[in-house]
There are 2 protein chains.
Amino acid sequence: MSTPERLIEATRELLWERGYVGTSPKAIQQQAGAGQGSMYHHFAGKPDLALAAIRRTAEEMRATAEGVLGGPGSPYERVEAYLRRERDVLRGCPIGRLTMDPDVIANDELRAPLDETLDWLRERLAGLVEEGRERGEFAPSLDGEEIAATIVATVQGGYVLARASGSTAAFDAGVRGLLSLLALNSPARLDG
Amino acid sequence: MSTPERLIEATRELLWERGYVGTSPKAIQQQAGAGQGSMYHHFAGKPDLALAAIRRTAEEMRATAEGVLGGPGSPYERVEAYLRRERDVLRGCPIGRLTMDPDVIANDELRAPLDETLDWLRERLAGLVEEGRERGEFAPSLDGEEIAATIVATVQGGYVLARASGSTAAFDAGVRGLLSLLALNSPARLDG
DNA sequence: GTCTATAGCACGATAGAC
DNA sequence: GTCTATCGTGCTATAGAC
């Protein structure tokens with residue numbers, strides 16, 4: 001792996017683990033096995049490197065989500081697959097966690113990938129919910145964009161509950177609760 | 001206000017704004033208008049001061065939640081009042097945001113208040129949901145603890161969505177979506 | 001109780017040799 | 001491209017005068 005590659009990967013790991021404020025250039029260099037001068041040769045500085053890392057993580061997250069949301073099954077089944085997909089729950093969401101970082105939020109360039117990714121996810125889910133509503137899988141009174149926001153928020157908040165308690169139980173409970181609510185008024189769903 | 005008081009309040013503000021990793025003793029001293037020696041006279045160090053600040057914020061959050069959850073109205077109405085209560089959405093949750101702080105999660109003493117507070121909140125809501133279910137306000141198939149986890153997660157995740165987008169819209173959408181799901185199978189609720 | 005002084009180290013970045 | 005050296009600043013904390 002090339003040095004810029006290793007620097008980006010090291011930054012991705014550290015941003016996930018410790019956030020932007022908690023990640024130092026020195027730590028990145030050590031994790032990447034690269035020297036000081038090497039890092040500053042390939043990147044303008046910490047914000048520049050973080051931007052590359054965040055963009056890659058955002059792309060990866062979109063691809064992972066699309067893999068499930070664009071997969072087989074009815075809209076409800078795909079939403080369920082998204083909610084139940086395997087996650088490193090106690091590590092949290094590598095994109096969502098950055099929203100709590102003051103220096104990321106203060107920098108529009110760093111914030112943009114977060115906004116775009118979560119916005120894309122909500123719109124993707126909203127379309128799926130609308131489709132499911134037309135099929136009678138979801139109650140007609142539901143609003144696709146609102147339910148999509150609830151779904152994404154439940155996942156993001158699930159990470160918070162899990163990390164606070166040091167256990168994945170609360171995340172799983174939140175997901176099960178949401179699925180039970182979504183299954184209401186959906187006779188087909190209560191069969192299985 | 002006494003010096004220890006001012007130091008705790010300054011720490012609460014900074015922890016909310018910048019998290020534990022992003023908050024320095026120097027910044028605390030400046031915000032509190034206290035000197036270096038003064039801070040170390042009253043507190044053992046940054047973790048000790050943070051613990052006092054976090055405990056106070058946790059207590060305050062419990063009291064605020066109890067004010068709504070223990071208020072007037074049916075269980076559904078009290079859950080709705082909790083979800084719709086005024087919040088400083090773009091600032092995020094002063095307790096929830098700390099779960100993304102690696103140094104807080106690594107320190108059991110600092111993590112404990114977060115765990116206890118969110119756990120209390122979930123149990124309080126779970127009891128309310130169970131009560132509402134017995135009254136026919138919520139579907140019989142729902143599980144109190146699961147729905148409680150979904151409610152708290154929706155709020156915590158709503159903050160994430162709001163901060164990513166720089167707007168409160170997504171938080172509000174998530175709350176409306178959850179309320180519409182909770183109102184399903186509750187004929188009384190669809191009247192109004 | 002509060003102050004200033006100082007410690008030892010890490011921060012984020014630049015300079016310039018190789 | 002990568003290295004070491006260095007910069008000026010800020011970190012967390014201690015010491016000791018007042």
Side-chain angles (χ1 to χ4, degrees), chain A residues 1-56 97-98 100-111, chain B residues 1-56 97-98 100-111:
Chain A
M1 198 152 54
S2 70
T3 299
E5 238 1 77
R6 273 179 300 133
L7 284 164
I8 290 175
E9 288 305 312
T11 307
R12 298 214 301 147
E13 284 300 310
L14 287 164
L15 286 182
W16 193 359
E17 201 69 28
R18 303 195 45 84
Y20 182 85
V21 164
T23 297
S24 71
K26 187 177 191 175
I28 293 170
Q29 292 149 25
Q30 286 174 341
Q31 173 118 2
Q36 190 96 328
S38 195
M39 180 190 128
Y40 283 100
H41 173 76
H42 293 289
F43 298 94
K46 179 177 164 178
D48 185 39
L49 182 45
L51 182 58
I54 292 171
R55 280 186 175 150
R56 180 169 300 183
R97 71 109 58 241
L98 295 174
M100 295 304 149
D101 225 299
D103 292 3
V104 170
I105 294 304
N107 182 330
D108 281 344
E109 218 170 0
L110 292 180
R111 186 174 60 81
Chain B
M1 198 154 54
S2 71
T3 298
E5 244 351 85
R6 274 179 298 126
L7 284 165
I8 290 175
E9 288 303 313
T11 306
R12 297 214 302 148
E13 284 298 311
L14 287 164
L15 286 182
W16 193 358
E17 202 68 28
R18 302 196 44 84
Y20 182 85
V21 163
T23 297
S24 70
K26 187 177 192 176
I28 293 169
Q29 292 149 26
Q30 286 172 341
Q31 172 120 0
Q36 192 95 329
S38 194
M39 181 190 127
Y40 283 99
H41 172 75
H42 294 289
F43 298 93
K46 180 177 163 177
D48 185 39
L49 182 44
L51 183 58
I54 292 171
R55 280 186 176 151
R56 181 170 300 181
R97 70 110 57 240
L98 294 175
M100 296 303 150
D101 225 300
D103 292 4
V104 170
I105 295 304
N107 182 330
D108 282 344
E109 217 171 1
L110 293 179
R111 186 174 61 81

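The figures here come from the full heavy-atom set of this structure, side chains too, leaving out hydrogens, waters and symmetry mates.
Distances shown here put a side-chain N or O of B/T3 below 4.0 Å from the OP1 or OP2 atom of C/dT2. Using a 4.0 Å cut-off, no side-chain N or O of B/H41 falls inside it from OP1 or OP2 of C/dC3.
Taking atom CZ of A/R6 as the reference point, atom C1' of D/dG1 lies 12 Å away to the nearest angstrom. Between B/L7 atom CG and C/dG1 atom P there is a gap of 13 Å when expressed in whole angstrom units. Regarding B/Q29, its CD atom lies at a distance of 15 Å from the C1' atom of C/dG1, rounded to whole Å. In this structure, the CD1 atom of B/I28 is 16 Å from the P atom of D/dG10, given to the nearest Å. When the P atom of D/dT14 is taken as reference, atom CZ of B/F43 falls 16 Å away, rounded to whole Å.
The side-chain hydrogen bond (donor to acceptor under 3.5 Å, both in side chains) search around A/R12 returns A/E9, A/T57, A/E60, not counting sequence neighbours. Residues passing the salt bridge (Lys or Arg N to Asp or Glu O under 4.0 Å) test with A/R6, sequence neighbours excluded: none. Among residues two or more places apart in sequence or in another chain, the side-chain hydrogen bond (donor to acceptor under 3.5 Å, both in side chains) test is passed with B/Q30 by none. The side-chain hydrogen bond (donor to acceptor under 3.5 Å, both in side chains) test applied to B/D48 returns no partner, not counting sequence neighbours. Evaluation of the side-chain hydrogen bond (donor to acceptor under 3.5 Å, both in side chains) rule for A/E109 yields no partner, not counting sequence neighbours.
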### Task
Go along nucleotides 10-15 of chain C 5' to 3' and tag each nucleotide: B for a protein heavy atom under 4.0 Å from its base, S when only backbone or sugar atoms are that close, - otherwise.
-SSBB-
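When all heavy atoms are compared, the tightest approach of A/Y20 to A/K46 is O-NZ, 2.9 Å.
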